[in-house]
Amino acid sequence: MTATPPTIAFIVPCYNEEAVLPHTLARLITDIDSLVAGQNIAAASYILLVDDGSHDRTWSLIEEASQAHPGRVQGLKLSRNVGHQNALLAGLLTQIGKADATISLDADLQDDVSIIARMIEHFRRDPAEIVFAVRKERSSDSLFKRGTAGLYYRILNWLGADIIPHHADFRLMSDRALRALSQYGEVHVFLRGLVMQLGYKTAVVEFERLPRLHGETKYTLQKMLRLAIDGITSLSVRPIRLIALLGVILFFIFLGMSVWVFWTWLAGHTVQGWTSVMLLFLLIAAFQTFALAVIGEYVGKIYFEAKSRPRYIVEKETGTKSDNG
Ligand code: UDP
Ligand code: MG
């Protein structure tokens, strides 16, 4: 166990969360105070609220809170809605070098903050660079969400993706892990998969996911689908490989059929013109499926090479040292 309590940055992405934010802040501030009093974390620990282009009063609530709790509450406003994953990434990467570790959690308090002390224990004692909070059961989620999530984790597993089932983004990451994460330049981030790629020592803490405190889910079906597709395509090239394999199999089937067509022609069982048409067709079909397989392999490579556009733009900050109004 490290002698001095670590400084922890609590990163909370917020999209139109005016209904829940005051409650979440009150709870987090109380919890941080008692963690500081119990010498679990340093007094310099703080909450960073990332406003992901909200259209409601979220940002003004963040500004007010940062003035009411100088240093303890800080804010970051993104210029537009870039989605949960990118908003979280903005919060994490801007805190490199500022805290010993970050803990990311949702604004709606579905992530049970009472396990935070245990997460910090793992960071200090193990010491684990990454601590995953994993949902023990999901009765607070709708039947649809539970079913699709279960199926999704099975598919990811089958595709060979290295991922911890039922871990969303409630997670502790050391400063070192953050620095490593910052080297991934891809645009479509699927953080829970990316952090597994870092290869650092990890630990798991289980919790029961609570119902959303106020407001409605900010994950529309479209956003959920987007996340699911990003998860698969950022962790696995196996779908492309499967298509390529299919292409090669079809190539051989078409070649075999060409032999058969030629054979029937030799045996004289064909209508005139059929053989040449069939041979030409099979040849083109075989070539195309083979070409598709080869191109698929290259497209897969390009996809993994071309991940270096900016992922977010910070519009302004509040409660931080570089704050200029
Ligand atoms: N969120 C965000 N940008 C978005 C959508 C969601 O920052 O475009 C945040 C949201 O404010 C919350 C977290 O991501 O803090 C998880 O969203 P939500 O609780 O609505 O998802 P659910 O728990 O229903 O999956
Ligand atoms: Mg939620």
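Read the numbers this way: they start at 1 and go in the same order the structure lists the ligands and their atoms. Positions are given from 1 along the sequence.
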How close does the nearest protein non-hydrogen atom get to atom 17 (O) of ligand 1, and which residue and atom is it? Tyr219 CD1, 3.7 Å
Report yes if some N/O of Ala87 lies less than 3.5 Å from some N/O of ligand 1; otherwise report no. no
Identify, for atom 20 (O) of ligand 1, the protein heavy atom at the shortest distance, and state residue, atom and that distance. Lys218 N, 2.4 Å
Donor on one side chain, acceptor on other, Ser66 and Thr318, under 3.5 Å: yes
Specify whether His167 and Phe132 have parallel, tilted or perpendicular ring planes, treating 30° as the upper limit for parallel and 60° as the lower limit for perpendicular. perpendicular
For ligand 1, is Arg209 a contact, meaning one of its heavy atoms is under 4.0 Å away? yes
Has Met224 got any heavy atom lying under 4.0 angstrom from an atom of ligand 1? no
Could you check Arg118, Arg124, Arg125 and say which one makes a salt bridge (charged side-chain N to carboxylate O under 4.0 Å, His left out) with Glu121? Arg125
Give the intermediate values and the outcome of ring-ring contact (aromatic ring centres under 6.0 Å, His included) for residues Phe207 and Phe170. CA-CA 10 Å; Phe207 75 106; Phe170 186 15; 5.3 Å; yes
Is Glu129 paired with Arg176 through a side-chain N to carboxylate O contact shorter than 4.0 Å? yes
Does Glu216 reach ligand 1 with a nitrogen or oxygen that is under 3.5 Å from one of the ligand's nitrogen or oxygen atoms? no
Record the part of Glu17 in heavy-atom contact with ligand 1 below 4.0 Å; permitted values are side chain, backbone, both and neither. side chain
Would you mind checking which non-hydrogen protein atom is closest to atom 3 (N) of ligand 1, with the distance to 0.1 Å? Asp52 OD2, 2.6 Å
Distance from atom 8 (O) of ligand 1 to nearest protein heavy atom, with residue and atom: Lys223 NZ, 2.7 Å
I'd like to know whether CD of Glu216 has more than 12 heavy-atom contacts from other residues, nucleotides or ligands below 6.0 angstrom. no
